[in-house]
Amino acid sequence: MKSLDKKYKEKLTPEEYRITREGGTEIPYTGKYCNFFNKGIYLCICCNTPLFSSEAKYNSGGGWPDFERAISEESIRYNKDYSSGTEQLEVKCNNCDAHLGHVFNDGPPPDYKRY
Ligand SMILES: [Zn+2]
């Protein structure tokens, strides 16, 4: 695990490391993909696993990139997170365990999910 940490420290910026490896939160409205709607696939910044597609991207106005669903349920996993004081569902990369954010139940129909 130590050598993996070192590998990520070399590959990622300090901000990217803090968010993905230590479960940090990006400052709202600062992310480069917040208002980015070109077609494409969003890869895990740590391990390049395909995670989200532009087809499922929308803008909730909350300051972070929003997706209706992941590209595949196999590419992500969920982890109960109580760090905010209430139960939230943390979304992680299923391959490398990178923190991707949380999933909420206030997204658009038909699934009403917001990743
Ligand atoms: Zn990953």
Side-chain angles (χ1 to χ4, degrees):
M1 197 62 197
K2 272 251 157 67
S3 66
L4 254 186
D5 278 350
K6 194 162 167 272
K7 189 185 105 186
Y8 289 128
K9 276 213 164 109
E10 284 166 3
K11 181 180 161 94
L12 305 174
T13 68
E15 171 79 350
E16 289 163 356
Y17 184 89
R18 183 182 67 81
I19 293 165
T20 60
R21 308 318 309 178
E22 297 176 344
T25 300
E26 183 176 79
I27 298 164
Y29 306 103
T30 65
K32 62 183 164 187
Y33 295 120
C34 192
N35 290 308
F36 181 91
F37 287 95
N38 291 1
K39 277 191 178 172
I41 303 290
Y42 292 81
L43 307 178
C44 178
I45 200 168
C46 299
C47 73
N48 293 330
T49 295
L51 298 172
F52 296 99
S53 164
S54 58
E55 283 172 25
K57 193 172 192 299
Y58 74 105
N59 187 4
S60 75
W64 296 285
D66 302 295
F67 297 91
E68 295 176 31
R69 73 193 86 84
I71 204 161
S72 143
E73 282 292 311
E74 273 93 74
S75 60
I76 55 166
R77 64 182 189 82
Y78 302 99
N79 178 43
K80 281 184 182 169
D81 173 15
Y82 298 93
S83 63
S84 67
T86 55
E87 182 182 306
Q88 290 188 312
L89 218 45
E90 181 187 16
V91 183
K92 303 192 101 177
C93 173
N94 202 17
N95 182 52
C96 78
D97 221 30
H99 170 82
L100 306 175
H102 293 89
V103 59
F104 302 93
N105 294 314
D106 59 4
D111 297 325
Y112 302 97
K113 297 289 184 199
R114 174 167 60 93
Y115 285 82

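We count ligands from 1, going down the list as the structure has it; atoms in each ligand are counted the same way. No hydrogens, no waters, no symmetry mates; every other heavy atom, side chains included, goes into these values.
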Donor + acceptor pair across side chains of S75, N94 (<3.5 Å): no

Sub-4.5 Å side-chain heavy-atom contact between D81 and L89: no

NZ or CZ of K57 within 45° of F37 ring axis and under 6.0 Å: yes

2.8 Å cut-off (strict), protein N, O or S atoms about the Zn ion (ligand 1): 4

Heavy-atom pair with the smallest gap, counting every atom of E90 and H99: OE2-ND1, 2.6 Å

F67 reachable from F104 in the ILVMFWY side-chain graph, under 4.5 Å edges: no

Least distance between heavy atoms, E15 atom then E26 atom: OE2-CA, 4.3 Å

